[in-house]
Amino acid sequence: MQNGTLIAAVDLGSNSFRLEIGRLQHGQIQRSEYLKETVRQGSGLDEERRLRADAMQRGWDCLARFAERLAGFPRTQVRAVATQTLREARNRDDFLVRATEILGFPIDVISGPEEARLIYQGVARLLPQSDERRLVIDIGGRSTEMILGQQYNAQVMASYRVGSVAWSMKYFPQGLFTQQAFMTAEIAAKAVLDEALDSYRRDSWDIAYGSSGTVGAVADVLAAAGEPSGVISRSALHWLKERLLRAQSAERVRMEGLKDDRRAVIGGGVSVLTAIFDLLGIDEMHVAQGALRQGVLYDLLDREQPHTDLRATTVVSLCERFQVDQAQAERVRDAALTLYRQVESPLDERAERKLAWAASLHEIGIQISHSDYHRHGAYILDNTDAPGFALPELHRLSLLILGHRGKLRKLEADFSDAAFVAQLLCLRLAVALCHARRNPDLAPLALACDGMAYTLHLSQAWCQQYPQSAHLLREEAIAWQKTPWSLDLLVS
């Protein structure tokens, strides 16, 4: 991306949806525009963790307004991410299909640890560089992220299901503030966050930072009351809780600096923040300017360059952790990419990169079971924390790994997705061609595609020289007969 390029991040949070547009200048991103709407999707989950129709409609309406501002942006310059509410919602696909159509860009549901990593990137990028050990806390609507890091490196990341919206709904349901309600809410928050004590003990960080909604709202109120700007002390937090108790209810709270959209969730936010101060021994927290959306913007820049794409590092790490046969992974990767480049024109570099990752990881489950390693590999990817990856990206990789062998008709995949089919076909062919675990002779092979029909051109001499490979390719052609696509072998 060149200097002056506009890039945008959309953050679908549990309390608010945000749109941040920045301009790239010499490796730094300068804010060009910022839009925020209080959508409160987090309060729209019913007892079965399904988004109610009104909550979905509020989200769609907001995204329609964001879409108008993003009209004309290239896909590579926009990234939208969704957090805890859509991680939880059992009917999230019902919302996301229409939301994606309205926004005009894909929406990535990211895992809790990935949200934490991006939050830290956003915070670190807007802080002066130093060697201080940082504790970063982000209290969202339905989750709280905690990160330990130094400079730009997030070292320990975790996400907990506790947040301002969820706690306000559960412990202050009528918006009433009592000593008992605060005590119960704080105890419940500590019960959820208790496991953080081991990883985030007081001697593991030098300075605490708070990011985004709740911390920002509390800091604004305290600053308006005469406290130092940008800092939350334990005594000032206690003073704020006493003010809420005197007001007795959220609707009666009248404090300078408290915005109307925060009034309904201030009780839950203060109780969670108080619990964190007590649990981790925090005396003072500094308000960070960066947040998730800034982290998404900088991550968008990193993704454009293969050498800075964290996902590539994650793939290497997974291969090492699960003792993948590196030589075989490279053979399959090279063969798959050779075939893919024959049928994809113009070449989609992003899709090519993801095919390479799938090929590298295709034997990730082999340490668990040799016969069913494709199933175990798919399970690992669907249930692992993989820095840099969104949940849909991991699931797509898991489908490629699940489908790289075996019966296609049992694969629950979208065979109308031509890009996915091309990746899957090339991966399956590569695995077949590398069955002997040595470099295959690809020179006489040529793959072509016409509509939904693939043709693999072979020479008679090649088939005679590699009879087992030729047999596996014939079996592969038969397998594709059970799908809307076809694979024909043309021997000459």
Side-chain angles (χ1 to χ4, degrees), residues 14-16 38 40-49 52 84-85 88 137-146 158-197 200 202 208 210 212-222 224-225 227 232-285:
S14 297
N15 192 55
S16 303
T38 303
R40 293 226 176 90
Q41 274 208 326
S43 62
L45 285 175
D46 62 21
E47 293 180 355
E48 296 180 349
R49 285 191 293 149
R52 293 193 297 268
Q84 185 61 38
T85 293
E88 288 186 59
I137 304 291
D138 188 301
I139 302 172
R142 294 188 72 89
S143 70
T144 292
E145 281 66 48
M146 294 187 183
S159 178
Y160 301 92
R161 288 191 179 186
V162 51
S164 61
V165 173
W167 251 236
S168 293
M169 292 173 61
K170 188 170 184 178
Y171 299 103
F172 307 94
Q174 280 79 48
L176 301 180
F177 297 144
T178 66
Q179 286 281 8
Q180 183 62 46
F182 270 103
M183 183 175 70
T184 303
E186 289 167 24
I187 290 173
K190 289 176 184 177
V192 176
L193 299 168
D194 187 58
E195 64 184 77
L197 277 173
Y200 300 88
R202 184 61 188 85
S212 201
T214 292
V215 170
V218 169
D220 288 345
V221 171
L222 296 179
E227 293 290 327
I232 300 172
S233 66
R234 183 186 291 268
S235 59
L237 186 58
H238 178 74
W239 171 85
L240 175 56
K241 186 169 75 171
E242 290 299 317
R243 285 289 305 271
L244 297 180
L245 286 169
R246 286 202 296 272
Q248 298 184 334
S249 70
E251 64 180 24
R252 293 178 59 184
V253 172
R254 296 292 183 271
M255 287 187 289
E256 188 178 350
L258 181 63
K259 298 176 182 177
D260 289 340
D261 65 335
R262 278 283 155 188
R263 183 173 289 109
V265 296
I266 191 65
V270 167
S271 65
V272 173
L273 186 57
T274 300
I276 291 172
F277 265 65
D278 290 346
L279 196 67
L280 301 185
I282 300 173
D283 294 317
E284 187 176 84
M285 177 178 287

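Owing to the predicted nature of the structure, the values given are computational and were not obtained by experimental measurement. Atom set for the values below is all heavy atoms of this structure, side chains included, hydrogens, waters and symmetry mates excluded.
- Note that the CG atom of Leu240 and the CD1 atom of Ile232 stand 9.0 Å from one another [nearest 0.5 Å].
- Inter-residue side-chain proximity for Thr38 and Arg262 is flagged as unmet; no heavy-atom pair is nearer than 4.5 Å.
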Checklist entry - How far apart are the C-alpha atoms of Asp220 and Leu258, what are their side-chain angles, what is the distance that settles it, and do they pass the side chain to side chain contact (heavy atoms under 4.5 Å, CB included) test? => result CA-CA 7 Å; Asp220 288 345; Leu258 181 63; over 6 Å; no
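- Counting only heavy atoms from C-beta outward, the side chains of Thr144 and Ile276 approach each other to under 4.5 Å.
- Here the two rings, on Tyr171 and Phe182, have centers that are 6.0 Å apart or farther.
- Looking at Ile139 and Trp167, their side chains never come closer than 4.5 Å, going by heavy atoms from C-beta outward.
- Judged by distance alone, the side chains of Gln41 and Ser14 never bring a donor and an acceptor atom under 3.5 Å apart.
- Residue Glu242 qualifies as enclosed at atom CD: its count of foreign heavy atoms under 6.0 Å is above 12.
- Between Asp46 and Arg52, none of the side-chain N atoms (NZ, or NE/NH1/NH2) sits under 4.0 Å from a carboxylate O, so this pair counts as no salt bridge.
- The existence of a salt bridge linking Arg263 and Glu251 is excluded, since no basic side-chain nitrogen approaches an acidic carboxylate oxygen closer than 4.0 Å.
- For the pair Met285 and Val215, the minimum side-chain heavy-atom distance is below 4.5 Å.
- Between Arg234 and Asp278, at least one side-chain nitrogen of the basic residue sits less than 4.0 Å from a carboxylate oxygen of the acidic one, meeting the salt-bridge criterion.
- The shortest distance between side-chain heavy atoms of Thr214 and Val272 does not fall below 4.5 Å.
- Residues Thr178 and Met183 have side chains not in contact (no heavy-atom distance under 4.5 Å, counting atoms from C-beta outward).
- The shortest side-chain heavy-atom distance between Leu280 and Met146 falls under the 4.5 Å cut-off.
- Contact of the Glu186 side chain with the Lys241 side chain is registered, since non-hydrogen atoms from C-beta on lie closer than 4.5 Å.
- Within a 6.0 Å sphere centred on CD of Glu284, other residues, nucleotides and ligands contribute more than 12 heavy atoms.
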